[in-house]
Amino acid sequence: MKKILVTGGLGFIGSHTVVELLNDGYEVVIIDNLSNSKIEVLNNIVEITSKKPDFYQLDLRVKSEIKNFFDNNKVDGIIHFAAFKAVGESVEKPLEYYENNIGSLVYLLQEMRNRNIDNFIFSSSCTVYGQADELPITENAPVKPAESPYGNTKQIGEEIIKEACYANNLNAIALRYFNPIGAHDSIKIGELPLGVPQNLIPFVTQTAAGIREQLSIFGNDYPTADGTAIRDYIHVVDLAKAHIVSLQRLFDKKNKHPFEFFNIGTGTGSSVLEVVKSFEQVTSQKLNYKIVDRRSGDITAAYADTTLANKELNWKAQKTLDQALLSAWLWQQKNI
Ligand code: NAD
Ligand code: UD1
C-alpha cells in the first residue's frame, strides 16, 4: 500500500483529497500546522472514511521539524497543499507569503532529494495566466507577470519544482486550479473561511445565511454578456480526484516529462450574476445583492480548456455548478 504525505491536509482542498486517497486505499499521513484549519476536520475525515490518517501538527517553515518528520516516516509520494492563499493579505505581508509558500516548498524538495523520495503534486493556480488573450485557456497560454505576491509564489513555485525535477531526478505535476467551490457530499467537510470571505461563494452563502447583510457584485461593466466577470467554478471533490489520478500517473511512470502541469477546471465559464441566479434557484433562497465598482486586480474572464487533463489524466469534472452551490449552502447551514 502506498503511503502519501499530504501537507495542508486539514485545509479545504487537502481534506477532500485525503478522503479520496483513503477511499482509494492509500495510506495517508497529514502535516498541518492548523494556521488555517481546525483539528475537528481530522475527526470528520475519519467519520466519512472509517479510516484514520496519521497526523502531525508541524510547521513546514521549520526545517528541523521537516527533517525530523522524514527521519521517522517513509512516504512514496507527496501532495503539497500547505500555503497561505489570501491575495490581498499577500500584498500587505509579502515576506510572510514567500517564507511560507516558497521556503516550505524548498525544504520539502530538499528532503525529497536527500532521501530519494519521488512523486510530487503541487497546488498551482490559474492565476498564473492573468487575463489570458484567448479563452478557454490552454496550458500553452503564456504565464503573465503576477499581480500579487501570492500569485508570484505559484509562478516561482512551479519554476523551482521544474528545476529541481531536472537537476535531482524528481517527477512532479503542478495542477493549475481554476475556482474550487463546494463541499463533500456528506457535508462533513467543506471550506472554513476565516473572517470576512474574499471569495465569491463563501460570501454568497454567508449572505444567504444572514451573516453578511449584502453581497457586493464587483462590477457589471465587463465586456461579457451580462457585464459581470466570468470564472470556471469547479466542485472541490472533482478537484480532489484530479490529485489522485495525477499521483497514479507518476506511480505508473506515464508522465511525459519530469515536470508537467495541467489545467483543472470544468471548461465552462459562469458570470457572477449566473452564479447568483443558480444559487437562488437551487437553494430557494433570495440573495440580497448590489452592484458596486470593480475590485482592483480582477480580470474579466477565465475558464479552462481541459482537453489536456481529459486526455492525459483521463480525468473530467463530473459535478455541476448547481451541485457545487447546493453543497456549499448545506455546508454553510451546518456551520452557522
Ligand atoms: P487552506 O488554507 O484551506 O489549506 C491550507 C492548509 O495548509 C491549512 O490547513 C493550513 O493550516 C496549512 N498550512 C499553511 N501553512 C502551513 C505550514 N507552514 N505548515 C503546515 N501547514 C500549513 O487552503 P486551500 O483552499 O485548501 O488551498 C490549498 C492549496 O491550493 C494552497 O496551496 C492554495 O494556494 C492552492 N489554491 C487554492 C485555491 C482556492 O481557491 N482555494 C485556488 C488555487 C490554488
Ligand atoms: C481569487 C484570487 C485568485 C485565486 C482565486 C482562488 C483575487 C484578485 N484573485 O480569484 O488569485 O487564485 O481567488 O479561488 O483575489 N466577486 C464579487 N463579490 C465578492 C467576491 C467576488 O463580485 O464578494 C466576484 C469577483 O469579482 C470575481 C468572482 O466573483 O469576478 C470570483 O471571485 P473570487 O471567488 O474572489 O475568485 P477570483 O477573483 O477568480
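The figures that follow rest on heavy atoms only: side chains count, while hydrogens, waters and symmetry mates do not. Order of listing sets the numbers, starting from 1, for every ligand and every atom in it. This chain uses plain numbering: 1 for the first residue, then up along the sequence.
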Return yes or no for this condition: an N or O of Leu60 is under 3.5 Å from an N or O of ligand 1.
yes
Under 4.0 Å to a heavy atom of Ser216 - the qualifying atoms of ligand 2, by number:
17 (C), 18 (N), 19 (C), 22 (O), 23 (O)
Fit a plane to each ring of His184 and His16, take the angle between them on a 0 to 90° scale, and name the class: parallel (under 30°), tilted (30 to 60°) or perpendicular (over 60°).
tilted
Judged by modelled atom types alone, do Glu89 and Tyr150 share a side-chain donor-acceptor pair under 3.5 Å?
no
re atom 3 (O) of ligand 1, the protein heavy-atom contact at minimum distance is Phe12 N, 2.9 Å
For Phe178 and Tyr233, I'd like to know if the aromatic rings sit close, meaning centre-to-centre distance below 6.0 Å.
no
Does ligand 1 have any atom sitting under 4.0 Å from a heavy atom of Ser124?
yes
Which of the atoms in ligand 2, numbered in the order shown and given with their element, are less than 4.0 Å from a heavy-atom of Asp298?
8 (C), 25 (C), 26 (O), 38 (O)
Proximal candidate to atom 14 (O) of ligand 2 [heavy atom criterion; set Ile181, Ile291, Asn199]
Asn199
Using distance alone, decide if ligand 2 has a nitrogen or oxygen within less than 3.5 Å of any nitrogen or oxygen in Arg231.
yes
Kindly state whether the ring of Tyr177 and the ring of His243 have centres lying under 6.0 angstrom apart.
yes
At a 4.0 Å cut-off, with the gap strictly under it, does some heavy atom of Leu58 reach an atom of ligand 1?
yes
Checking a contact table here: which protein heavy atom is nearest atom 35 (C) of ligand 1, and how many Å away?
Ser123 CB, 3.7 Å
Numbered atoms and elements of ligand 1 in range of Asp59, under 4.0 angstrom, heavy atoms:
17 (C), 18 (N), 19 (N)
Flag, side chain of Lys144 to backbone of Thr127, donor-acceptor distance under 3.5 Å
no
Tell me which protein heavy atom sits closest to atom 12 (C) of ligand 1, plus the residue, atom name and distance to 0.1 Å.
Asp32 OD1, 3.3 Å
Checking the N or O distance criterion of under 3.5 Å, is ligand 1 in contact with Ile13?
yes
Between Asn199 and ligand 1, which residue portion shows a heavy-atom distance shorter than 4.0 Å: side chain, backbone, both, or neither?
neither
Within reach of ligand 2, part of Leu200 (heavy-atom separation under 4.0 Å)
both
Under a 4.0 Å threshold between the charged nitrogen and the carboxylate oxygen, would Asp185 count as salt-bridged to Lys319?
yes
Within reach of ligand 2, part of Thr228 (heavy-atom separation under 4.0 Å)
neither
The protein heavy atom nearest to atom 15 (N) of ligand 1 is Asn100 ND2, 3.0 Å
Please work out, at 4.0 Å between heavy atoms, whether the side chain, the backbone, both, or neither of Pro197 comes within that distance of ligand 2.
neither
Backbone or side chain, does any N or O of Asn33 fall under 3.5 Å from an N or O of ligand 1?
yes
Are there more than 12 heavy atoms of other residues, nucleotides or ligands under 6.0 Å from atom CG of Asn314?
no
Lys154 near ligand 1 by a heavy-atom separation under 4.0 Å:
yes
For Trp329 and Phe279, take the angle between the two ring planes, folded into 0 to 90°, and tell me which bin it lands in: parallel under 30, tilted 30 to 60, perpendicular over 60.
perpendicular
Looking at Lys241 and Asp238, is any side-chain nitrogen of the basic one under 4.0 Å from a carboxylate oxygen of the acidic one?
no
With only distance considered, is Phe81 within less than 3.5 Å of ligand 1 through an N or O on each side?
yes
For Glu111 and Lys63: C-alpha separation, side-chain torsions, deciding distance, then whether salt bridge (charged side-chain N to carboxylate O under 4.0 Å, His left out) applies.
CA-CA 10 Å; Glu111 292 297 334; Lys63 198 172 182 173; over 6 Å; no
Nearest to atom 2 (O) of ligand 1, what protein heavy atom do you find, and at what distance?
Asn36 ND2, 2.6 Å
Going by the side-chain contact (heavy atoms from CB on, under 4.5 Å) test, name the single residue among Asp54, Ile79, Ile31, Ile117 that passes it with Leu5.
Ile31
I'd like to know whether ligand 2 has Gly151 as a neighbour, heavy-atom separation below 4.0 Å.
no
Any idea which part of Glu147 is under 4.0 Å from ligand 2, heavy-atom wise: side chain, backbone, both or neither?
neither
Against the six-membered ring of Phe261, is Arg176 placed for a cation-pi contact (under 6.0 Å from the centre, within 45° of the normal)?
yes
Quick test: of every protein heavy atom, which one is nearest to atom 25 (O) of ligand 1, and how far off is it to 0.1 Å?
Lys85 NZ, 2.7 Å
Should you measure from each heavy atom of Asn179, which atoms of ligand 2 turn up under 4.0 Å away?
14 (O), 36 (O), 37 (P), 39 (O)
Polar atom proximity, Tyr177 to ligand 1 (N or O, under 3.5 Å):
no
Among Leu215, Asp232, Val87, which residue places a heavy atom closest to atom 2 (C) of ligand 2?
Val87
Under 4.0 Å, counting heavy atoms only: does Tyr233 come that close to any atom of ligand 2?
yes
Atoms of ligand 1, numbered as shown, that sit under 4.0 Å from any heavy atom of Leu34:
11 (O)
Is it the case that over 12 heavy atoms from other parts of the model lie below 6.0 angstrom from the NZ atom of Lys311?
no
Counting heavy atoms only, name the option from Phe12, Phe218, Tyr289, Phe203 that's nearest to atom 19 (C) of ligand 2.
Phe218
Identify the protein heavy atom lying closest to atom 33 (C) of ligand 1, giving its residue, its atom name and the separation to 0.1 Å.
Tyr150 OH, 3.6 Å
